[in-house]
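Before any comments, here is the structure.
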There are 2 protein chains.
Amino acid sequence: MLTKDFLRDRHRSELTKDDIAALESSISEVKDYGARETLIRAGERVRQSTLLLEGLMCRYMDDRQGERQLVAVHVAGDFVDLHGFPLRRLDHDVATLTEVRLAFVPHGKLLEIVAERPNLTRILWFSTLIDAAMHREWIFRLGRLNAYGRIAHFFCEIDAKLQAVNRSDGHHFPLPINQNDLGEACGMTGVHVNRILRQLREEGVMTFRGGEVAILDRKRLERIAEFDPHYLYLDENDPDRN
Amino acid sequence: MLTKDFLRDRHRSELTKDDIAALESSISEVKDYGARETLIRAGERVRQSTLLLEGLMCRYMDDRQGERQLVAVHVAGDFVDLHGFPLRRLDHDVATLTEVRLAFVPHGKLLEIVAERPNLTRILWFSTLIDAAMHREWIFRLGRLNAYGRIAHFFCEIDAKLQAVNRSDGHHFPLPINQNDLGEACGMTGVHVNRILRQLREEGVMTFRGGEVAILDRKRLERIAEFDPHYLYLDENDPDRN
DNA sequence: GAATCGCCTTAACGCGGATCAATTCCGCTT
DNA sequence: AAGCGGAATTGATCCGCGTTAAGGCGATTC
């Protein structure tokens with residue numbers, strides 16, 4: 001089941017067996033890629049969308065001096081560029097962070113889904129809007145938190161997302177990226193990321209070394225980050241679903 | 001025609017007459033509101049979506065100390081909280097900035113559209129993804145530009161959006177908000193906004209006084225902002241549409 | 001016409017994070 | 001065991017922006 005992590009812990013139960021079968025059968029190809037490959041460039045016409053099965057990916061934009069700003073980090077189960085289907089061309093680049101396994105869905109198949117499966121369509125739409133909600137939280141993080149809060153927030157978010165697809169136990173998880181990547185996600189230099197990580201380590205909040213994260217004091221970490229996972233639309237946070 | 005500004009200059013031509021009629025007839029109510037009213041609070045269950053017919057609105061999140069971060073500013077023609085339809089509850093507040101005229105569309109009608117009108121559905125989906133693209137550009141702006149660039153970028157964006165719905169001639173337009181609002185949009189204090197505005201004024205790039213914007217040197221303004229309107233998905237920027 | 005209010009404006013001061021530059025660490029190669 | 005390259009680490013210095021505070025100006029109200 002290639003789509004087993006798609007919307008896992010995110011109203012996946014609203015998908016019927018038929019919906020899932022339709023989605024599964026619209027996959028044209030599964031392929032592996034190495035770390036740090038750019039798969040899509042901004043402005044290109046895109047004709048398929050990418051479901052991330054395993055590994056980490058990111059989306060980013062570069063400024064005039066070539067400084068990079070990540071706008072999203074993706075984990076297993078994410079439909080990384082589903083928004084490319086209605087948009088037809090993207091406003092940013094898409095790249096792998098680690099080695100990945102990807103499944104591709106041609107946009108022709110998505111057109112059929114929109115024509116024939118309103119329920120699945122609404123839920124695919126929903127999944128692209130979770131990404132938008134995460135974008136908003138990133139805006140908040142960059143606009144209102146200092147470096148300490150921004151880094152803490154990044155780890156809260158990635159942990160919550162990895163937990164939802166069972167890649168983190170909430171205390172410990174692999175995250176094979178470097179301090180510079182972290183800086184590019186949080187709008188700061190690698191040097192300053194290093195100082196912040198030292199502070200978090202010395203205060204016993206969390207550690208990040210050799211691509212391994214350990215969360216030691218979740219309460220403190222979440223307070224530093226002003227973290228509230230509502231914006232991730234995970235099942236447990238939805239008080240009166242219906 | 002209440003929906004005349006919806007997606008104006010943004011692939012609106014892909015909507016059939018029938019689609020437009022269906023959308024128009026799904027409007028349940030038109031209502032006016034005053035400036036600075038919060039219409040939707042984060043977490044509420046939403047059962048209708050809001051089309052902005054005239055005026056300015058914003059979406060925002062507050063941090064723990066009550067400091068506000070805007071995550072979007074909306075102009076006439078924007079379907080402000082269409083994302084509330086698939087999401088069902090929002091992760092942020094929605095408020096008016098100026099006096100506004102609004103049209104409401106019940107989510108029940110949107111369900112019918114999704115069931116019966118695949119083309120309109122795909123285009124409604126598209127419209128919510130333009131908002132996501134603007135979020136990404138805001139992330140870039142906050143993460144990689146300094147105060148000078150961020151303010152310049154804000155004005156480039158709002159001008160481009162207002163031009164698309166014919167509320168700006170590209171040189172001069174009303175923008176009845178204050179310097180503090182600008183700060184909340186650009187992640188800085190009102191005091192510093194004031195310094196930057198003075199600088200832009202003294203350098204002959206643009207002015208912003210009494211709710212009126214004048215763009216004096218567009219080339220310079222766009223260079224300062226590193227502005228490229230591709231992310232707005234306006235018609236003139238789409239080299240080979242179809 | 002005095003008082004009030006919202007908003008703009010400017011100045012003084014301090015801090016957070018960028019910048020620049022070394023140094024250390026560690027996994028990999030040979 | 002030595003050599004190498006990428007990443008982590010740390011220090012010194014600088015400056016952009018926050019903070020605080022004070023004053024100005026036009027609009028509104030009584």
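Values reported hereafter were calculated over all heavy atoms of this structure, with side chains retained and with hydrogens, waters and symmetry mates removed. Residue numbers start from 1 in every chain, and the chains themselves are labelled A, B, ... in the order their sequence lines are given, proteins ahead of strands.
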Check: D:dA8 P sits how many Å from A:Ile196 CD1, rounded?
Finding: 15 Å

Notebook entry, point to check: Quick one: B:Tyr148 OH to D:dC15 C1', roughly how many Å, whole number?
Noted result: 17 Å

Margin query: Taking 4.0 Å as the cut-off, does a side-chain nitrogen or oxygen of A:Thr189 come that near to OP1 or OP2 on C:dG17?
Written below: no

Notebook entry, point to check: Is A:Arg68 salt-bridged to A:Asp63, cutoff N-O under 4.0 Å?
Noted result: no

Next item on the list: Assess whether one donor atom and one acceptor atom, taken from the side chain of B:Arg195 and the base of D:dT19, lie less than 3.5 Å apart.
Entry: yes

Margin query: How many whole angstroms separate atom NE2 of B:His192 from atom P of C:dT9?
Written below: 15 Å

Checklist line | Gap between atoms CZ and C1', on A:Arg144 and D:dG18 respectively (whole Å) | finding: 11 Å

Next item on the list: Determine the contact category for B:Asn178: base if any of its heavy atoms lies under 4.0 Å from a base atom, sugar-phosphate if only primed atoms, P, OP1 or OP2 are that close, otherwise nothing.
Entry: sugar-phosphate

Notebook entry, point to check: Are any of B:Arg198's side-chain N or O atoms less than 4.0 Å away from OP1 or OP2 of C:dT10?
Noted result: yes

Next item on the list: Measure the distance from CG on B:Asp181 to C1' on C:dC8 and round it to the nearest whole Å.
Entry: 13 Å

Notebook entry, point to check: With B:Arg59, which of B:Leu90, B:Leu70, B:Asp93, B:Asp131 fulfils side-chain contact (heavy atoms from CB on, under 4.5 Å)?
Noted result: B:Asp131

Checklist line | Residues A:Glu226 and A:Arg150 bridged, charged N to O under 4.0 Å | finding: no

Note to self: Is there a side-chain contact between A:Arg209 and the phosphate of D:dT9, meaning an N or O under 4.0 Å from OP1 or OP2?
What the structure shows: yes

Notebook entry, point to check: With a non-hydrogen cut-off below 4.0 angstrom, is B:Arg150 in contact with a base, only sugar-phosphate, or nothing?
Noted result: nothing

Check: Between A:His230 and B:His92, does the ring centre distance come in under 6.0 Å?
Finding: no

Margin query: So if I take every side-chain heavy atom of A:Gln179 and compare against D:dA8, C:dT10, C:dA18, which nucleotide ends up nearest?
Written below: D:dA8

Margin query: Set out, in order, the CA-CA distance, both residues' side-chain angles and the distance that settles side-chain contact (heavy atoms from CB on, under 4.5 Å) for B:Trp138 and B:His135, then state yes or no.
Written below: CA-CA 5 Å; B:Trp138 283 39; B:His135 290 336; 5.6 Å; no

Notebook entry, point to check: Separation of A:Phe208 atom CZ from D:dT9 atom C1', in whole Å?
Noted result: 15 Å

Margin query: What is the distance, to the nearest angstrom, from the CD atom on B:Gln199 to the P atom on C:dT9?
Written below: 14 Å

Note to self: Heavy-atom nearest nucleotide on DNA chain C for A:Leu145 versus A:Val191: which residue maps closer to 5'?
What the structure shows: A:Leu145

Item checked: Whole-Å distance separating the CG atom of B:Asn194 from the P atom of C:dG6 -> 18 Å

